[in-house]
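Worksheet: one structure, shown below.
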Amino acid sequence: MYLLVSRTNNGELLVLPLGPEGEVSGPALRLTSRDFPGYVCDQEADRPRWVWEDTARIYPLLLKAGVRVHRAHDLRLCHTILRLSSLTQASSLARAEPSQWDRAPALQPDAAASGVTLFDLFDGDTGAGAEGPAEGGTDTAAGAGPQAEFRRQLDAVRASTEPGRLRLLLAAESAGALIAAEMQFAGLPWRTDVHDALLTRELGARVAPGIRPERLENLARRIRDALGEPGLNPDSQPDLMRALQKAGLRVTSTRAWELKEFTHPVIEPLLEYKKLSRLLSANGWYWMDTWIVNGRFHPEYIPGGVVTGRWATRGGGALQLPKQVRGAVVADADWKLVVADAAQLEPRILAALSGDTAMAQAGRGTDLYAGIVAGGVVETREHAKVAMLGAMYGATSGESGRLLPRLAKAFPRALALTETAARAGERGESVTTRLGRSSPRPGERWLATQAQAYDPGATDADERRARSQARDWGRFTRNFIVQGSAAEWALCWMAEVRRELRMLPPCTPAASGSEFDQAPHLVFFLHDEVMVHTPAALAATVEGIIRRAADTAGRHLFADFPVDFLLTVATVDSYAQAK
DNA sequence: TGTGAACGCGCG
DNA sequence: AAAGCGCGCGTTCACA
C-alpha cells in the first residue's frame with residue numbers, strides 16, 4: 001500500500017511498509033543507493049504509493065537509474081498544504097508548534113547532505129514491527145520523523161470536512177512533484193543552432209561578453225544622436241531619464257508602454273534597443289551556453305513554489321520563455337511536439353467555483369469571451385476579456401472598471417464569489433480553493449497597520465494607509481481563489497496526461513536507452529499549458545489523451561457541474577508554430 | 001567587494 | 001490601451 005522511504009546519514013535508504021492508516025505493516029528494509037532503483041522497479045508491479053520527505057531529493061536518483069514510479073506522497077509539500085488549509089485547522093498537525101516540516105527546504109536537491117537518520121524514521125512510532133530507538137530525541141513527544149508525520153497527515157485528512165477533496169489535492173500535488181522531476185530530467189528539446197541563427201539575425205554576429213553586438217551598437221548610436229548626448233549609456237535608466245527630460249519629453253519613467261505615447265525621433269530606436277537588449281541579456285548566447293546541455297533545456301521546476309499553488313522555477317527563467325525564442329524549441333527528427341493550452345481557464349474555473357451556470361453556458365463549446373459577446377453582455381471580445389480580468393484581479397478604474405457592472409448583471413453568482421473573497425481578505429481572513437488550499441494570513445505589519453487605524457488617535461493618513469493596504473490584500477485573496485483553483489485543475493490535468501501516457505504500450509521492446517528517448521513524455525508546463533514530446537506516429541493518440549484528461553480533470557474538481565474546459569491543441573515541429 | 005533596492009520586462 | 005493578480009531575473013547604483 002504505502003512504502004515509506006528515507007535516507008540514512010551514510011546515504012543508504014530505509015524502506016518501511018505501511019498500511020492504510022500509516023501503521024507499520026511489515027519489516028523494514030535497508031538498501032544501498034545502488035540496490036535501491038532495482039528494488040523500486042520490482043515493487044512497482046504492485047503500484048505502491050511511495051511516501052518520502054522530498055521528491056526533488058530522492059526521485060532524481062531513480063530517474064538516473066532509468067526507473068519511474070507511478071504514485072508518490074510528498075511529505076513536505078503535503079505538510080505545507082495541510083498546515084494552512086482551513087479544512088484541517090482542528091488537526092494536531094495544524095495546531096502543533098512549527099517543526100522541521102515547516103522549514104524551507106535546502107536549495108539544492110543534494111543527496112547526501114540532508115539524510116534523515118534511522119532514529120528520525122522510527123521516532124514516535126509505536127507500531128508493531130518497528131525496531132530502533134523508542135524514546136528520547138531532539139523533538140517533541142509527538143514525533144518528528146517521517147512516519148509520525150505521515151500519520152498526522154492521514155489523520156488530518158480523515159478528520160477534515162472535505163477529505164475527498166484534500167486527498168485529491170495531495171495526490172495531485174505529489175504527482176506534480178514527480179512530473180517536475182521527470183521534466184527536469186528529460187529536458188525541453190532545444191536547437192542551439194536555430195537559437196544562434198535567430199540571435200545573429202536580430203542582434204548581429206556573436207561578440208565577446210560586455211561588447212554590444214552590431215545592431216545594438218547601431219541603435220545606441222542613433223539614440224545618442226537623436227538626444228544629442230554623445231556619451232549616453234542607454235542601459236542606465238537614470239541617465240536615460242535625464243536625457244529624455246532634457247530633450248523635452250515629459251516622461252515619468254523609461255517603461256516601453258509609456259515611451260510609446262510620445263512622438264520624437266528617439267522613440268523608435270529606443271524601443272527597438274530595449275527589445276533587443278532584453279533578448280541579449282535574458283536569452284542571448286550566454287543564457288544558451290549556461291542552460292542548454294546536449295540539446296536540452298533542464299530548468300528546475302518548483303511545485304508549490306507560488307503561494308497559490310502554481311509552480312515556480314529556478315534558473316533559466318523557464319516560465320518566461322519569450323515568444324521571440326520559441327522557434328528554438330524543436331522536436332527531434334521523426335518526433336513531434338504536442339502543445340495544448342486551456343482556453344480561458346480562469347474564467348471557466350470561476351464559473352464552476354461559483355456555480356454560475358450562465359457564465360458556464362457562455363463558454364459551452366466555444367471561446368468564453370466570444371460567448372459573452374454573443375450573449376449581448378458587451379460589444380467586443382476585447383471588452384469581455386478586459387472586464388473578466390478586472391473581475392478576477394480587482395480592477396477599479398479604467399475601461400475594465402467601467403465594464404464591470406455589466407458583467408455583474410449578467411453573471412451575479414460569479415461576481416459575488418470574487419467580491420466575497422475580496423471582502424474576506426480585507427478583513428484579514430483567509431480564503432480556500434476548490435480542493436482545500438488556503439491563502440496565508442497577512443503578516444504582523446499588516447495587522448499592526450490595521451490596528452493603528454482603529455486607534456483613537458489615528459490620523460487620516462493612518463486610515464488611508466490601512467484602507468489601501470486592506471484593499472491590496474483583498475485583491476490578493478480575490479485572485480487567490482481563482483488562480484489557486486485553476487492551478488489545481490492544471491495539476492489534475494497534467495497528472496492524468498502522465499498516467500495515460502504511461503499506459504501506452506512501449507514502442508520498442510524495452511532495454512535500450514531511457515524511456516524518455518522512446519516514449520511520449522511531458523517536457524513543459526506553463527500554468528495552463530502542457531507540452532508533450534512524442535514519436536510522430538503517436539501524436540494523434542497523444543492529442544486524444546490530452547483532451548480526455550481535461551474532461552477528467554473537470555469532473556474531478558467539479559463533478560457534474562456543466563462547465564467545459566476547452567483546449568487549443570497543436571501538433572507541431574517547433575514551439576513557435578503553436579498558436 | 002559584496003549586498004540589496006529599484007526598475008523594467010518576460011510569462012501566465 | 002496600460003488599470004488590477006501571481007512570478008524570475010538581469011542591470012544599475014547606492015551603501016555598507
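First the proteins, then the strands, lettered A, B, ... as listed; each starts at 1.
Expressed to the nearest 0.5 Å, how far CH2 of A:W446 lies from CZ of A:R441 amounts to 12.0 Å.
With a 3.5 Å limit on both pairing distances and Watson-Crick or G-U wobble geometry required, the stems of 3 or more pairs in DNA chain C span B:1-12 with C:5-16.
Per the geometry, CG belonging to A:D528 stands 14 Å off C1' belonging to C:dC7, to the nearest Å. Rounded to whole Å, atom P of C:dG6 lies 15 Å from atom CZ of A:R437. For the pair A:Y301 OH and B:dG12 C1', the interatomic distance rounds to 14 Å; values are reported in whole Å.
Here the side chain of A:P322 is nearest to one of B:dG10, C:dC7, C:dG4, namely B:dG10. Here C:dC9 is the nucleotide among C:dC9, C:dG6, B:dG12 with the atom lying nearest to any side-chain atom of A:Q320. Listed candidates were C:dC5, C:dT12, B:dG12. Nearest to the side chain of A:N479 is C:dC5.
On a pure distance criterion of 3.5 Å, no polar donor-acceptor pair joins the side chain of A:R314 and the base of C:dG8. Between the side chain of A:R278 and the base of B:dC9, at least one donor-acceptor pair of N or O atoms lies under 3.5 Å. Looking at A:Q483, its side chain has no donor and acceptor atom pair within 3.5 Å of the base of C:dG6.
Using a 4.0 Å cut-off between charged nitrogen and carboxylate oxygen, A:E229 and A:R242 do not count as a salt-bridge pair. One finds no salt bridge joining A:E214 and A:R221 here, because no Lys/Arg side-chain nitrogen approaches an Asp/Glu carboxylate oxygen to under 4.0 Å.
When the side-chain nitrogen and oxygen atoms of A:K274 are compared with OP1 and OP2 of B:dG8, none of them lie within a distance under 4.0 Å. OP1 or OP2 of C:dC13 has at least one side-chain nitrogen or oxygen of A:S236 nearer than 4.0 Å.
Only A:S253, A:T254, A:R255, A:A256, listed by number, bring a heavy atom of residues 249-257 of chain A to less than 4.0 angstrom from any atom of DNA chain B.
Counting any heavy atom pair closer than 4.0 Å across all strands shown, A:R475 reaches sugar-phosphate atoms only and no base atom. Nucleic acid contact for A:R471: none, since no nucleic acid atom lies under 4.0 Å from a heavy atom of the residue. Residue contacts for A:E399: at a heavy-atom cut-off of 4.0 Å it reaches no nucleic acid atom on any strand shown. Nucleic acid contact for A:L345: none, since no nucleic acid atom lies under 4.0 Å from a heavy atom of the residue. Backbone-only contact: A:G316 has heavy atoms under 4.0 Å from sugar-phosphate atoms and none from a base. Note on A:G401: nothing from the nucleic acid sits closer than 4.0 angstrom, heavy atoms only.
Looking at A:R406, its side chain does come within 3.5 Å of a backbone N or O of A:V377 through a donor-acceptor pair.
Ring-centre distance between A:F297 and A:W287: below the 6.0 Å cut-off.
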